[in-house]
Amino acid sequence: MNPTEKALWFVESHLPDAISLDDVAASSGVSRFHVTRAFGAATGRSVMGYMRARRLSEAARKLAGGAPDILSVALDAGYGSHEAFTRAFRDQFGTTPELVRAESSTKNLDLVEPILMDSSLLATLEPPRFETSRPFLIAGLGERYSCESSAGIPTQWQRFGHYIGNIPGQIGNVAYGACVNGDDVGNFDYVAGVEVADFSDLPKDFCRVRVPAQKYAVFAHREHISTIRRTVNTIWNKWLPASGHEIADAPEFERYGPEFDPHSGNGGLEIWVPVKG
């Protein structure tokens, strides 16, 4: 099994238990960062967000089935108080545990079912080339995303497109999508930008990324941009675990060269993944 499949098995088989991201990572045989990135790439969810939603979904089923004690259901779902459980339940489903129990039904709830991995969704991946990047600077528009909200990235690129060619100190006509500042729950900053000579005189709402001299595995994505998640999924869940390489603490980025057509989404791009060694 790949890291995401191992993580799914571990979460589902320990759903009532107090498990941490460290536990999930250990069960998957990779680092916390790796399992977070791999899981997000494969499922569009964060590991811990998925676990929380699954626990609340099972709790909702118990309540609809007439569970006599809401606090016991809350404790089984990993919440230490009725109040904390109610707050999380309302955030997840837009209603309260009491109403679900009173209605004896989950038909109006968007329950999260167990994810079944389909390995046929993985792209056939060309072997990467390895390069050591020169240090360079990226400047552009940045947004904070979760795994679940990352569908907003294309709109971010639309907003940034108006700046290209008019950015102080812009170098060349290559665009970059840099992922930085990832955390354990799958949140990350995504910067749509270009290379600049320095960070002076930039628009006040611009973000800045320093890319160090770093070894990268460089993957070609030749299909339409809309299928990029399949390639990223394959890198993190298939290639990286089998390669013997470890991820390095440096920006991961997409490189959009002159051959990429932002209007049609065709032309291909490169995915640069930082590795140790």
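Bear in mind the structure is a predicted one, so any value in this text is a computation, not a measurement.
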Side chains of [X] and [Y]: does their closest heavy-atom pair fall under 4.5 Å?
{"X": "P3", "Y": "N237", "value": "yes"}
{"X": "P97", "Y": "F85", "value": "yes"}
{"X": "V73", "Y": "R101", "value": "no"}
{"X": "P212", "Y": "P251", "value": "yes"}
{"X": "R55", "Y": "Q92", "value": "no"}
{"X": "V273", "Y": "H245", "value": "no"}
{"X": "F260", "Y": "R255", "value": "no"}
{"X": "F219", "Y": "E126", "value": "no"}

If Ile, Leu, Val, Met, Phe, Trp and Tyr residues are connected whenever their side-chain heavy atoms lie under 4.5 Å apart, and connections chain through other members, are [X] and [Y] in the same group?
{"X": "W236", "Y": "I228", "result": "yes"}
{"X": "L15", "Y": "L111", "result": "no"}
{"X": "I271", "Y": "V191", "result": "no"}
{"X": "I19", "Y": "V30", "result": "yes"}
{"X": "V232", "Y": "V180", "result": "no"}

Exercise for review: Take I115 and R45 through the test side-chain contact (heavy atoms from CB on, under 4.5 Å) and record every step on the way to the result.
Suggested key: CA-CA 10 Å; I115 293 174; R45 291 180 174 272; 4.3 Å; yes
Check your understanding: Are the ring centres of F206 and F199 closer than 6.0 Å?
Key ->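 Not under 6.0 Å, so no.
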Considering non-hydrogen atoms only, spot the tightest contact between [X] and [Y] and give its length.
{"X": "V185", "Y": "N187", "result": "CG2-ND2, 3.1 Å"}
{"X": "R37", "Y": "C179", "result": "NH2-SG, 4.5 Å"}
{"X": "G177", "Y": "Y190", "result": "CA-OH, 3.3 Å"}
{"X": "P258", "Y": "V174", "result": "CD-CG2, 4.4 Å"}
{"X": "F93", "Y": "L56", "result": "CE1-O, 3.6 Å"}
{"X": "V194", "Y": "A175", "result": "CG1-CA, 4.4 Å"}

Indicate every side-chain donor-acceptor pair of residues 136-143 with a distance under 3.5 Å to a residue at least two apart or in another chain.
residue	atom	partner	partner atom	Å
E143	OE2	R159	NH2	2.8

Hey, could you give me the [atom1]/[atom2] distance between [X] and [Y], rounded to the nearest 0.5 Å?
{"X": "N108", "Y": "E103", "atom1": "CG", "atom2": "CD", "value": "6.5 Å"}
{"X": "I235", "Y": "R230", "atom1": "CD1", "atom2": "CZ", "value": "12.5 Å"}
{"X": "D91", "Y": "R87", "atom1": "CG", "atom2": "CZ", "value": "8.0 Å"}
{"X": "L240", "Y": "T234", "atom1": "CG", "atom2": "OG1", "value": "12.0 Å"}
{"X": "W272", "Y": "S133", "atom1": "CH2", "atom2": "OG", "value": "6.5 Å"}
{"X": "S57", "Y": "Y50", "atom1": "OG", "atom2": "OH", "value": "9.0 Å"}

So, does [X] use its side chain to make a donor-acceptor pair with the main chain of [Y] at under 3.5 Å?
{"X": "S81", "Y": "A84", "result": "yes"}
{"X": "H224", "Y": "S264", "result": "yes"}
{"X": "S27", "Y": "V24", "result": "yes"}
{"X": "R222", "Y": "G267", "result": "no"}

Exercise for review: Can you sort out the partners of R54 under salt bridge (charged side-chain N to carboxylate O under 4.0 Å, His left out), two or more places apart, ordered by chain and number?
Suggested key: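 Salt bridge (charged side-chain N to carboxylate O under 4.0 Å, His left out) check on R54 returns E12, E58.
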**Study point:** Derivation of the side-chain contact (heavy atoms from CB on, under 4.5 Å) call for L21 and M51
**Key:** CA-CA 10 Å; L21 184 60; M51 183 170 68; over 6 Å; no
Review point. Going by distance alone, is a donor N or O of one side chain under 3.5 Å from an acceptor N or O of the other, for Q214 and Y216?
Key: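 No.
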**Study point:** S20 versus D22, side-chain donor and acceptor atoms under 3.5 Å
**Key:**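 Judged by distance alone, the side chains do not pair up.
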**Study point:** K238/N2 under side-chain contact (heavy atoms from CB on, under 4.5 Å): CA gap, chis, key distance, verdict
**Key:** CA-CA 6 Å; K238 187 176 181 180; N2 65 46; 5.9 Å; no
Check your understanding: Is it true that E113 and R61 make a salt bridge, defined as a side-chain N closer than 4.0 Å to a carboxylate O?
Key ->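 Salt bridge: yes.
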Practice item. Inspect the surroundings of CZ in R210 and state if more than 12 heavy atoms from other residues, nucleotides or ligands are less than 6.0 Å away. Key: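 It does not: R210 CZ has 12 such atoms or fewer within range.
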Review point. Should the ring pair F188 and Y145 be called parallel, tilted or perpendicular, given that the plane angle runs from 0 to 90° and is split at 30 and 60?
Key: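 Tilted: the ring planes of F188 and Y145 meet at 30° to 60°.
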**Study point:** Derivation and outcome, side-chain contact (heavy atoms from CB on, under 4.5 Å), residues M48 and T36
**Key:** CA-CA 9 Å; M48 303 310 283; T36 298; over 6 Å; no
